[in-house]
Every structure is written in C-alpha cells, then in structure tokens.
Asks: 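Please see the structure below; I have some questions.
Lettering follows sequence order; numbering is per chain, from 1. Here the structure is a predicted model, which means the values were calculated and not measured. Below, all heavy atoms of this structure are taken into account, side chains as well, without hydrogens, waters or symmetry copies.
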There are 2 protein chains.
Amino acid sequence: MTKKGKTWFAILGFLSWKPMSGYDIKNLVDISLSYFWSISYGQIYPTLKRLVAAGYATTEAGRSIGDRKRNLFRITNEGQKALDDWMSKPIDLSIQRDEMQLKLFLGGQRDTAQTISLIRDFKGQQTQRRAQLLIEYDETAPALESGEFADDIQWLEPERLSGARQKQAVREQTLIFLLSIRQGILKAEARITWCDEAISLLENPPYANKS
Amino acid sequence: MTKKGKTWFAILGFLSWKPMSGYDIKNLVDISLSYFWSISYGQIYPTLKRLVAAGYATTEAGRSIGDRKRNLFRITNEGQKALDDWMSKPIDLSIQRDEMQLKLFLGGQRDTAQTISLIRDFKGQQTQRRAQLLIEYDETAPALESGEFADDIQWLEPERLSGARQKQAVREQTLIFLLSIRQGILKAEARITWCDEAISLLENPPYANKS
DNA sequence: GTATGTATATATCACTGTGATATATAGTAT
DNA sequence: ATACTATATATCACAGTGATATATACATAC
C-alpha cells in the first residue's frame with residue numbers, strides 16, 4: 001500500500017469540492033492557497049493516478065473552453081471516507097526549517113555586524129509581506145458583507161447555488177480565507193518582533209563586550 | 001556542478017566551527033538545533049562526500065573515546081569562502097506548508113464543529129510547546145551571567161579557550177541560543193492568538209448563521 | 001564471565017516532493 | 001502570418017526523509 005502523505009490528502013480534499021484536472025489543482029493552489037501550501041506537477045499527476053488505482057477517485061474525459069481536452073478526476077465514496085478520517089486526525093507538527101535561525105547560529109558569533117545586517121534585511125522582507133497581506137485582507141473583507149467576491153478572487157465552488165444560498169456560501173468561504181490571511185499577518189508580526197529583539201540584544205549584549 | 005542547497009551550506013557551516021564526523025553533525029542538529037533545523041543521515045553522508053569532491057572539505061581518519069574509528073571532515077579555505085558568500089545572501093523565503101490552514105480550508109465550511117475541535121487541539125499543542133520553550137529558556141539564561149553552560153547543554157566549540165575568553169564565548173553562544181528559543185516562543189504565541197481569533201469567528205460569524 | 005542494552009559510527013534504500021523542462025494546442029495581440 | 005499567452009499533461013534529475021542494516025565498544029546486571 002502506497003504511503004499517504006499530506007499531498008495525497010490535499011489533492012483528495014480538492015477533489016471533494018468538485019471534479020478537477022491536474023492543471024486546475026495546480027492553479028488553485030498557486031492562486032488561492034499560496035499563503036500556506038505549494039504543490040508541483042511532479043506530484044500532482046502521479047498522485048492522481050495513484051488515487052484512481054486506490055479506488056479513491058475516478059477519471060473521465062472532459063472539455064473546457066475552446067474544446068481543449070482535459071482529464072477530470074472525481075472523488076469516490078471510499079475516497080471521501082478516507083478523507084474524512086484524515087481530516088479528524090490531529091495536526092502533525094514537524095520541524096519547520098528556518099534559514100534565518102541557521103544563519104544566526106552559524107554566523108552570529110563570528111560576524112555580528114553581518115548577522116545584524118541580515119536580520120535587518122529579513123525584517124524588511126517581513127514588513128513588506130505584512131503590508132501586502134493587510135492589503136489583501138482589506139480587499140477580501142467586503143465580501144463578508146456583500147456575499148460577492150471581488151473580480152479577481154478564484155475560489156473553490158462545490159457547485160453553483162442560487163440567490164441567498166450562494167451569498168451565504170460566499171460569506172462562509174470569505175471568513176475562512178480571511179482567517180488564513182490573518183495567520184500570515186500574525187506570523188509576519190511575530191517575526192518582526194523577533195527581529196527587533198534580536199537586533200537590540202546583538203547590538204547591546206547584556207554582558208560586557210570584549211573588543 | 002552539483003546543486004548547493006541549504007543542507008549543503010548547513011553542513012559546511014557546522015564544519016566551519018570544528019572538524020566533525022557525520023555522526024557528530026546528526027547529534028548537533030538533533031540536540032541543539034532541533035528548534036529550527038532537521039537533517040537525516042541519508043543527506044549527511046552523501047553531502048560530506050560531495051563536499052570533499054568539490055574541494056570544500058578534506059577527510060581524515062580520527063579516533064574518539066574508546067578508540068572507535070571515525071571519519072573527520074575539515075573545511076578548506078575554498079569551502080570557507082563559499083560559506084561566507086552564502087552567509088551574506090538574503091534569506092530565501094519559501095512557502096511553509098501549514099496543515100492546520102489546509103484542514104481549515106478543506107473542512108471549515110463543510111464541518112465547522114469538527115474544524116473548531118481541531119483548532120482547539122492545535123491550540124493545546126502550541127500552548128504546551130510554548131510552556132516547554134519557556135522552561136528551556138529559563139534553564140539556559142543563567143549562562144548569560146555565569147559564562148558556564150548547564151550540564152546537559154551541547155554546543156559548538158570551535159576550540160577550547162581558557163579562562164575569561166572561554167566565559168565570554170559561552171555568553172555569546174548563550175545569547176544566540178536564547179534568541180532561537182525566543183523565536184519559537186513568539187511563533188507559538190502567534191499561533192495561539194490565531195486559534196483564539198479563529199474559534200471566536202467560527203463560533204460567532206459576523207453574518208447571520210443559516211440553519 | 002557473559003549476556004544485554006546503549007552509544008558510537010557509517011551507510012543505503014524506497015519513497016516523497018521540487019523545479020525545470022518538454023510537448024502540444026487554442027486563443028489573443030501585433 | 002507571427003509571436004505570445006493560457007491551457008493541459010507529463011517526466012527527469014535531484015533534494016531530502018525515515019527506516020533499516022551493520023559493526024564495535026562501553027556499561028550494567030546477573
């Protein structure tokens with residue numbers, strides 16, 4: 001039995017919204033989930049095949065705009081069951097590699113000035129990211145009231161609903177989208193706070209500086 | 001020319017402190033750098049070989065306690081130059097996958113109750129982690145004053161120094177170690193904050209709840 | 001003493017996942 | 001016509017993981 005990792009269930013999860021092609025999945029992740037997920041074709045296509053082989057999905061020929069051929073994948077009952085099972089399992093916390101921390105560790109003692117300069121750059125990156133996320137938050141938030149997405153927002157729609165139900169669905173999806181942006185903002189802010197503390201302590205260490 | 005990723009420079013960086021064996025590197029990372037780094041033997045041994053092949057390190061037979069054989073790797077001038085170059089480059093920000101966010105995205109609308117339960121579990125994990133890191137912080141901090149490590153702290157020592165210089169080195173290393181723990185604490189706190197916001201918004205959405 | 005367990009030390013394998021690239025076609029712009 | 005962009009599928013070399021195999025020396029218990 002093949003190993004079922006996060007990518008396996010991520011793809012299965014996308015199919016649980018609506019039947020999709022490999023191309024659709026790549027676009028969905030790159031456009032709407034880029035705050036917290038990434039995926040490559042090198043995993044998508046083999047995994048779709050394995051999902052079919054495992055009985056978790058079926059494949060069918062489809063057509064899109066302009067009569068282009070595409071392979072649509074649809075989740076099966078068995079697949080949905082496996083997904084539900086995974087969804088209820090606690091979050092797996094694996095170590096997140098942190099290049100900033102590694103460079104601090106390797107260079108902090110050897111070359112303090114350069115390390116401080118790196119931390120300043122890093123703070124700049126995070127400050128910019130925070131600003132960007134705040135803009136995206138403000139652009140997304142109105143849909144919470146209106147029940148209508150701004151033009152450029154791509155989203156997972158299980159199916160077209162009509163009228164009030166459609167608006168309600170948009171509001172629910174917007175809330176979740178806002179929460180994921182909010183996570184990014186909080187993460188960036190935590191990093192900015194750390195940068196300030198680190199620069200301050202490296203510039204004025206709480207012990208006599210040799211020289 | 002082989003690709004030089006983060007693992008490549010991480011290992012080169014460890015060798016820049018002192019000559020080490022593959023086993024030493026694995027232990028160093030697992031014991032002292034586990035807050036922000038991980039590494040497997042499957043990368044260490046091949047990478048050490050490639051570092052030698054690239055002229056960035058040399059290898060020599062060594063002996064440790066009990067006359068056990070070990071292969072020591074020593075950084076070359078060329079290797080140190082390449083490391084210095086990498087160290088000065090800005091931090092590469094790649095997308096960090098976040099299983100909590102993925103599950104929120106996939107299940108938040110479909111099964112709010114289960115999603116809230118997952119977030120509560122996640123908050124529990126993060127709260128525990130934060131508590132653990134606070135303890136480790138308090139255990140490490142005294143060395144900032146005393147200049148002496150607590151018994152169980154493993155560390156990178158370029159070489160044995162004597163007296164006052166040794167104490168100063170210990171203080172500098174402790175500061176950096178404390179900063180990396182602090183990063184973990186801030187990250188956990190940001191996640192806890194997010195959990196509170198998310199639970200509150202999912203339980204009382206800012207729009208009329210259908211039902 | 002000898003058996004058992006643990007720490008030291010190196011190495012490889014199957015597998016997951018990435019980034020780059022190749023290929024082909026249909027619609028759009030110059 | 002030509003070039004460019006978007007749609008769509010696929011594969012490759014490589015990075016990195018987790019598990020496992022192997023061997024030896026020291027520590028302890030019986």
Asks: Quickly work out the A:R70 CZ to C:dA26 P distance and round it to whole Å.
Replies: 15 Å
Asks: Using whole Å, what does the distance between atom C1' of nucleotide D:dG18 and atom NZ of A:K4 come to?
Replies: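 So the two atoms are 18 Å apart, to the nearest Å.
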Asks: Between B:Q132 and B:E136, is there a side-chain donor-acceptor contact under 3.5 Å, judged purely by atom types and distance?
Replies: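 On atom types as modelled, these side chains qualify, holding a pair under 3.5 Å.
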Asks: Let me know the distance between CD1 of B:I44 and P of D:dT17, rounded to the nearest Å.
Replies: 9 Å
Asks: Could you run down nucleotides 17-23 of chain C 5' to 3' and tag each one B, S or - for protein heavy-atom contact under 4.0 Å?
Replies: BBB----
Asks: Measure the distance from CH2 on A:W37 to C1' on C:dT16 and round it to the nearest whole Å.
Replies: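 Result: 13 Å.
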Asks: Counting side-chain heavy atoms from C-beta on, which of C:dA9, C:dT8, D:dA8 comes nearest to B:N27?
Replies: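 Of C:dA9, C:dT8, D:dA8, C:dT8 is nearest to the side chain of B:N27.
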Asks: For B:S21 and C:dT10, is the shortest distance between a side-chain N/O and OP1 or OP2 below 4.0 Å?
Replies: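 Affirmative; the distance criterion is met.
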Asks: Hey, is the main chain of A:V170 close enough, under 3.5 Å, to the side chain of A:T174 for a donor-acceptor pair?
Replies: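 Indeed, once roles are kept as given, a pair shorter than 3.5 Å links the two residues.
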Asks: Has A:Y23 got a side-chain N or O lying under 4.0 Å from the OP1 or OP2 atom of D:dT7?
Replies: yes
Asks: Is there a side-chain contact between B:Y45 and the phosphate of C:dT10, meaning an N or O under 4.0 Å from OP1 or OP2?
Replies: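 For B:Y45, the contact criterion (side-chain N or O under 4.0 Å from OP1 or OP2 of C:dT10) is met.
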Asks: D:dT9 phosphate, OP1 or OP2: any side-chain N/O from A:N71 under 4.0 angstrom?
Replies: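 Indeed, a polar side-chain atom of A:N71 lies that close.
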Asks: Consider only side-chain N and O atoms of A:R191 and A:T127, and report whether a donor and an acceptor are under 3.5 Å apart.
Replies: no
Asks: Identify whether NZ of Lys or CZ of Arg in A:K81 sits under 6.0 Å from the centre of the six-membered ring of A:W86 and within 45° of that ring's axis.
Replies: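 Not satisfied by the 6.0 Å and 45° rule.
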Asks: Please state how far atom CG in B:D24 lies from atom P in C:dA7, giving the value in whole angstrom units.
Replies: 16 Å
Asks: So B:Y23 and B:Y41, would you call those rings parallel, tilted or perpendicular, with 30° and 60° as cut-offs?
Replies: parallel
Asks: Can you tell me if B:R120 and B:T115 form a side-chain donor-acceptor pair at under 3.5 Å?
Replies: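 No, B:T115 and B:R120 have no side-chain donor paired with an acceptor closer than 3.5 Å.
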Asks: Quickly work out the B:K26 NZ to C:dA7 P distance and round it to whole Å.
Replies: 15 Å
Asks: I need the CG-P distance between A:D92 and C:dT16, as an integer number of Å.
Replies: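 It works out to 16 Å between those atoms.
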Asks: Ignoring the backbone of A:K49, work out which of C:dA11, D:dT11, D:dA8 is nearest its side chain.
Replies: D:dT11
Asks: Where do B:Y56 and B:W8 land on the ring pair (Phe, Tyr, Trp, His ring centres under 6.0 Å) test, with the steps shown first?
Replies: CA-CA 10 Å; B:Y56 285 9; B:W8 174 278; 5.8 Å; yes
